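Predicted model only: the values in this text are computed from it and were never measured. Chain A is the first sequence line, chain B the second, and so forth, proteins listed ahead of strands; every chain is numbered from 1. Reckoned from all heavy atoms, side chains included, excluding hydrogens, waters and symmetry mates.
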2 protein chains.
Amino acid sequence: MDAEIASELGRCASCVIRREGLCGALKQDELLQFRRIANRRKFEPGENILQSDDDPDFFAAVISGVVKLTKVLFDGRQQVVDLLLPVDCLGQVFGRRSSYYAQAATQVELCCFPYSGFEQMLEEFPDLKHRFLEQTLDDLDSARDWMVLLGRKTAEERVASLLLMLATRTAITGTAHNGSSRPVALDLHLKRHEIADFLGLTYETVCRQFTALKNKGLIQQPSRRRFSVPDTEALAKAAG
Amino acid sequence: MDAEIASELGRCASCVIRREGLCGALKQDELLQFRRIANRRKFEPGENILQSDDDPDFFAAVISGVVKLTKVLFDGRQQVVDLLLPVDCLGQVFGRRSSYYAQAATQVELCCFPYSGFEQMLEEFPDLKHRFLEQTLDDLDSARDWMVLLGRKTAEERVASLLLMLATRTAITGTAHNGSSRPVALDLHLKRHEIADFLGLTYETVCRQFTALKNKGLIQQPSRRRFSVPDTEALAKAAG
DNA sequence: CGAGACATTGAGTAGGTTCAAAGACCGTGG
DNA sequence: CCACGGTCTTTGAACCTACTCAATGTCTCG
């Protein structure tokens, strides 16, 4: 019986969302129900996941890859309002209807839930709802941190902040986070232009700040999209 | 019996929070319980409500007045990350601990709940939790709208956006919101300096943009802190 | 290898900041 | 009631950071 459940759980058993995300809030039999309304979808870099005016027909969690959440002004000016990494969620709930665009920045795998089904599960499983609330509160906190960046930081501080944020969120290398700073390497999948839209700058300025940080020895850049941070603390200081 | 309850409900019966805020999610007997842990507090303009590093010992809802929620950089640069008007909430839940400062911008009356008691009520009354989730989602949406403003809008658009936001949120005059634009008057309680910290500008720039908008006829300014918007649509266009 | 997309660097410009001075408002006290 | 002081606001002039426009360089993929 247990084996049967385990096999039916299948890919859920080894999924990040189960380990660290929303699904972590579910008991095995709840997960089984939840799984029934879920289906995975893959997206190629640059592909649109949600358009502003779509009837947003699904809610989703990121399994792998990076999703840009952007807002657009009437004349085309863009602002990336969030970068979604694995475990993060995307989609509007409870009839909210602000206009976001979601776009795959890398190859992306999502676990998608039809809209109504997801809301129903939220009602049925209080722990799921609680987890969702916690994630939303975290999102709010980081949105506000970003407001400080956009409103008050210099170009160099912004770029440093982004690198720092990515370094702490996607620590690829053996980062034991022993308090002190240890070199961290990271792949930056975003184009300069996308970075600029996230930081409220132009891509030329982003470039210049990268070279500035390189010259100061705060980062190294083995290849165009690969960075390493020799001293996290120093970078944090440069980030404000 | 009903009369007894009603009298015990006292000021809750006529409170905004009950009508339009969190408490609207409660049944009468639940409200009675909730009320027991609540107490009202008043603050004078400029008074600190929460400091970053306080043990934040209460959660609160705004009954009247305006509260600034700000974040501060190491060297004193400030960013207002939210303006709390009546019905809005303030305070960290579930052990979150980002550093905000909350300051009364006007005379403020809050309904305060001790921290742990509030969390307990959230668990006990699912509708309350649901309402709280909805408010948090709304906060997230508006934080992201503000990110667009801070990252991509010009000084004039920012000022116009603020006025528009306040005009729609605190429609004082007989605004029947009949779709078309009707003149709206509003009291702007914030100092130029505070506005600047909300818009990511300096107060001098805010001043200049006010006069620019005045010259374009988009706003009138009978007194220093009183504004009126003759044509909301036009202002919206100027706000992007 | 060549074409296209992306990144880097340079030079000139502009929107917003900084520094500075003058003007308006408000409460207090003579 | 008016004068006074402090705070807040407005306006001006110089400056600077980041933007714009433009050219060159580099990666990638057919």
task: For the helix from dC1(C)-dG30(D) to dG30(C)-dC1(D), measure the angle between the helix axis at one end and the axis at the other, each built from five pairs, rounding to 10°.
output: 30°

Check every strand shown and say whether [X] touches a base, only sugar-phosphate, or nothing at a heavy-atom separation below 4.0 Å.
X: Thr154(B); value: sugar-phosphate
X: Arg192(A); value: sugar-phosphate
X: Gly46(A); value: nothing

In this structure, how many angstroms lie between the [atom2] atom of [N] and the [atom1] atom of [X], rounded?
X: Arg226(B); N: dC8(D); atom1: CZ; atom2: P; result: 21 Å
X: Ile195(B); N: dC8(D); atom1: CD1; atom2: C1'; result: 12 Å
X: Leu150(A); N: dT17(D); atom1: CG; atom2: P; result: 20 Å
X: Asp75(B); N: dT18(C); atom1: CG; atom2: P; result: 11 Å
X: Leu199(A); N: dT17(D); atom1: CG; atom2: P; result: 18 Å
X: Tyr203(B); N: dT18(C); atom1: OH; atom2: P; result: 10 Å
X: Glu204(B); N: dA20(C); atom1: CD; atom2: P; result: 12 Å
X: Lys153(B); N: dG16(C); atom1: NZ; atom2: C1'; result: 18 Å

- request: Find which nucleotide of DNA chain C each of Lys191(A) and Arg152(A) is nearest to by heavy atoms, and output the residue with the more 5' nucleotide.
  value: Lys191(A)

Return the nearest nucleotide to the side chain of [X]; candidates are [options].
X: Leu201(A); options: dA24(C), dG16(C), dC19(D); value: dC19(D)
X: Thr202(A); options: dC19(D), dC6(C), dA22(D); value: dC19(D)
X: Ala155(B); options: dT9(D), dG16(C), dT11(D); value: dG16(C)
X: Arg225(B); options: dA7(C), dT9(D), dT20(D); value: dT9(D)

- request: Give the ring-plane orientation class for Phe132(B) versus Phe59(B), where under 30° counts as parallel, over 60° as perpendicular and anything between as tilted.
  value: perpendicular

message: Donor-acceptor check, side chain of Arg158(B) to backbone of Lys153(B), threshold 3.5 angstrom: yes or no?
response: yes

- prompt: Is the backbone of Glu233(A) close enough, under 3.5 Å, to the side chain of Asp231(A) for a donor and an acceptor to pair up by distance?
  reply: yes

query: Can you pull the salt bridge (charged side-chain N to carboxylate O under 4.0 Å, His left out) pairs that have at least one residue in residues 197-213 of chain A, sequence neighbours excluded?
result: Asp197(A)-Arg152(B)

query: With no angle test and no hydrogens, is the base of dC8(D) tied to the side chain of Glu194(B) by a donor-acceptor pair under 3.5 Å?
result: no

field: Quiz item: cation-pi between Lys71(A) and Tyr101(A), 6.0 Å / 45°
entry: no

Side chain to side chain contact (heavy atoms under 4.5 Å, CB included) partner of Leu163(A), the single match among Val184(A), Ile219(A), Ile195(A), Thr232(A): Ile219(A)

field: Minimum side-chain heavy-atom gap Leu110(A)-Val62(A) below 4.5 Å
entry: yes

task: Would you sort out whether Lys68(A) and Leu83(A) count as a side chain to side chain contact (heavy atoms under 4.5 Å, CB included), showing the intermediate values?
output: CA-CA 5 Å; Lys68(A) 279 185 308 171; Leu83(A) 272 191; 4.0 Å; yes

SB check Glu157(B) Arg77(A) (cutoff 4.0 Å): yes

Side chains of Gln103(A) and Glu47(A), donor plus acceptor under 3.5 Å: no

message: Expected output is a numbered-order residue list: members of residues 205-216 of chain B with a heavy atom under 4.0 Å from any atom of DNA chain C. What is it?
response: Thr205(B), Arg208(B)

